[in-house]
Amino acid sequence: MTIKLLSPITINRIAAGEVIERPASAIKELVENSIDAGADKIEVTIHNGGRNLIIVSDNGSGMSKDDLSIAVERHTTSKLNEDDISDINYFGFRGEALASIASVSRMKIISKYNDEAWSISVHGGENLGLSPASLNKGTKVIIEDLFFAVPARLKFLKSEKQETQSILEILKKIAMANPHISITLENENKILLQTTSGENNLSEIIGKDFLENAIPIDSNYDNIHIKGYVSYPTYNKGTSSDQHFFVNKRPIRDKLFSAVTKVAYQDLISHDRYPIVVLFVSLDNEDVDVNVHPTKAEVRFKDPSTLRSAIISVIKKALNENSQKTSSTIGFDTISAFSSNQTKSLVRDSTPNYQYIPKSYSTPSRKEIEILQEVNKPNFTSFNITPPAPQPIAPQESFLSEPPLGFAKCQFHENYIISQTKNGIIIIDQHAAHERIVYEKLKEQFRNNSAKSQKLLLPTIIELDEYQVDQIIEKIELFNKFGLKIEKFGNAGIRILETPAILGNIDPSQIIRDILENLENYGEEISLEEKINEILATTACHGSVRSGRILTIEEMNALLRQMEATPYSGQCNHGRPTYITLNLKDVEKLFERC
Ligand SMILES: Nc1ncnc2c1ncn2[C@@H]1O[C@H](COP(=O)(O)OP(=O)(O)O)[C@@H](O)[C@H]1O
Ligand SMILES: [Mg+2]
């Protein structure tokens, strides 16, 4: 075997394999070049998922004839300060992209500088030279037949649709990080993305109701700055495709971010749903190494654990401060459903089955006031089905005059409460709402070691297999802390002696079985804290007012007041909303009154 020096063309093609995996990565490099050149308008055109044709035009600085001739060579860049290679202020700096793309495609670049436009063509790495051209401003890069020179790579490309989708995704991320630039993507005469330059383009990119259903974030944590938007837990998706993370303006693919988001939303959202999150993290250049991967989508952090805590705490704080809100689209969708069913329901159901409620009803009754006072007492731990004895304390006027969740009017289908507020009505899912209240109380009692337990008249014995017994016994202290007292019973059983008082009368063996199922589902993947929350959530579900329980108006109002005093009461432990709001205006629209 003899050793040979590889030809520049081969070297470029090997490098291209690393930098340019697919059309989307070529487009990313070209668009980043345009941004580095100071462009504020970038237009991308593709055909056949970028396989046959990619055109990227910008209105940036352009390149002179001399620069153009060397830009397509390997390791040529205008962006790196060789005295300090850690000082990176541009997207590019390796000087590889143009040479790599040119080595595997038919590339033509036209660029204007100082009133002169030139073009250069490179086919499969062979430089065909410069010629005079015409162009209004900036630079236009035309790539035909990407990967024609490396047919093996063509086989790895996905369908046209999937390639187009990844191009769209990468451009969305670039657009989010650069709202001052207008970006357009056109595929065979169809516009797939169009952003206008401005302060914020998230509604154009994610969807028009995103900002309405998201909480803005702008916080510092040590020397980490985190800015962006996180959706209310009730505004979520079945995939994580709308979770976008940026570090120093670069879109980053890193498990750390999706994992911490999951932890921050942990008990607010069901495990198979994903919140919509756009987060821009800014760190000192020296705290992050972007040079680990040629496409720079992966980075290395000097101190990942501080970053993790920073993101979790910032998101949790935002959610906490907005914990009463649920997404606006829920009420809106419901209204739309009403509207579309209108004719059908009129025909089918001509007799109204609602009840007229006199206006005077909207001021709270004496009994309601008493319950409210009881609820607001610090030791009110459970939703009490029997109203407490009257207490002669003056009501808090300001709160009573307009509690956010209004006053209950009626219950229907034995699970839903209708409450009237200043601006409309609220429909509450009593079971979901109570589940959240019990869960938050359990967590609080767990934290403060203040859980009360209730002795069972007869201890309950459950038979389990040995492994399950070990799993439960291992956590005996933890169960104790929230009022579940158990002990080992022989080798294959446990005995339940006391249950958390907050849950009232429940089936003790079912709790243990559910907890076991939970532990088995999550295994070692989640931390102890997350496990505790899972267990508490499971436990809370047992103690909640079941659907099907008929409540009095006083009991309903007591539930509403408790919701107002409970963090995250806008959604149940599975991320479903506990209540929806229908504005009077929308109701009036349904009746064509406005
Ligand atoms: N759209 C553009 N407008 C102006 N100059 C460009 C453009 N694209 C590339 N260049 C020039 O070509 C050089 C090489 O580009 P590239 O191969 O992508 O390497 P890098 O971006 O890492 O410097 C850049 O440093 C820049 O000077
Ligand atoms: Mg570049």
Side-chain angles (χ1 to χ4, degrees), residues 238 255 258-259 262-263 265-274 381-382 431-432 434-548 572-576:
K255 277 208 208 94
S258 38
K262 207 169 172 181
V263 173
Y265 278 82
Q266 189 195 33
D267 42 62
L268 303 174
I269 202 159
S270 152
H271 287 277
D272 53 357
R273 304 294 300 175
Y274 300 82
T381 49
S382 73
H431 174 68
H434 195 240
E435 193 173 301
R436 166 62 63 184
I437 292 170
V438 172
Y439 176 45
E440 292 298 329
K441 280 275 181 251
L442 270 173
K443 278 204 286 190
E444 192 187 310
Q445 294 178 352
F446 185 83
R447 272 196 306 270
N448 306 336
N449 270 327
S450 62
K452 292 200 181 67
S453 48
Q454 172 177 310
K455 261 206 174 76
L456 294 176
L457 280 177
L458 280 175
T460 305
I461 291 158
I462 320 175
E463 278 179 39
L464 299 168
D465 64 40
E466 261 177 65
Y467 170 74
Q468 290 176 317
V469 172
D470 288 347
Q471 275 220 310
I472 294 284
I473 296 300
E474 230 174 56
K475 301 195 170 50
I476 208 160
E477 281 301 309
L478 192 152
F479 295 143
N480 239 327
K481 263 186 87 174
F482 63 86
L484 182 62
K485 306 237 158 100
I486 51 176
E487 60 185 24
K488 201 166 171 179
F489 184 74
N491 274 342
I494 58 163
R495 181 156 45 190
I496 308 174
L497 308 168
E498 295 175 28
T499 55
I502 188 173
L503 304 183
N505 293 329
I506 38 135
D507 173 1
S509 59
Q510 195 53 44
I511 285 199
I512 294 289
R513 288 188 199 286
D514 282 358
I515 289 175
L516 267 172
E517 193 182 318
N518 237 303
L519 291 174
E520 278 158 21
N521 277 348
Y522 290 107
E524 296 311 310
E525 283 156 37
I526 60 174
S527 69
L528 180 64
E529 190 196 339
E530 292 170 273
K531 269 186 197 143
I532 292 168
N533 284 343
E534 277 301 329
I535 291 171
L536 296 181
T538 314
T539 313
C541 191
H542 284 268
S544 305
V545 186
R546 292 273 160 221
S547 5
C572 76
N573 309 341
H574 311 293
R576 290 191 295 271

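- Atom CG in Leu268 sits 14.5 Å away from atom CZ in Arg273 (nearest 0.5 Å).
- Arg513 places a side-chain heavy atom less than 4.5 Å from the side chain of Leu464.
- Partners of Ser509 according to the side chain to side chain donor-acceptor pair (under 3.5 Å) rule, which considers only residues two or more places apart in sequence or in another chain, are Asp507.
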task = Could you walk me through whether Lys485 and Leu456 pass side chain to side chain contact (heavy atoms under 4.5 Å, CB included), step by step?
result = CA-CA 10 Å; Lys485 306 237 158 100; Leu456 294 176; over 6 Å; no

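- Here Ala451 pairs with Gln445 under the side chain to side chain contact (heavy atoms under 4.5 Å, CB included) rule; sequence neighbours left out.
- Within the model, atoms CG of Leu516 and NZ of Lys475 stand 9.5 Å from one another, a figure rounded to the nearest 0.5 Å.
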message = Working note: Lys443 + Glu440, criterion salt bridge (charged side-chain N to carboxylate O under 4.0 Å, His left out); need CA distance, chi angles, decisive distance, verdict.
response = CA-CA 5 Å; Lys443 278 204 286 190; Glu440 292 298 329; 3.6 Å; yes

Throw together a table of side-chain donor-acceptor distances under 3.5 angstrom for residues 488-501, partners on residues two or more places apart or in other chains.
{"unit_1": "Arg495", "atom_1": "NE", "unit_2": "Glu487", "atom_2": "OE2", "d": "3.0"}
{"unit_1": "Arg495", "atom_1": "NH2", "unit_2": "Glu487", "atom_2": "OE2", "d": "2.9"}
{"unit_1": "Glu498", "atom_1": "OE1", "unit_2": "Ser453", "atom_2": "OG", "d": "2.5"}

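- Contact detail for Ile472 and Phe479: the closest heavy-atom pair is O-CE1, 3.5 Å.
- Remark: Ile476 pairs with Ile473, Ile486 by the side chain to side chain contact (heavy atoms under 4.5 Å, CB included) rule, at least two apart or across chains.
- Side-chain contact between Phe482 and Ile502: absent, with no pair of heavy atoms (C-beta onward) separated by less than 4.5 Å.
- Residues forming a side chain to side chain donor-acceptor pair (under 3.5 Å) with Tyr265 (at least two apart in sequence, or on another chain): none.
- Asn449 is linked by a side chain to side chain contact (heavy atoms under 4.5 Å, CB included) to Lys481, counting only residues two or more places apart in sequence or in another chain.
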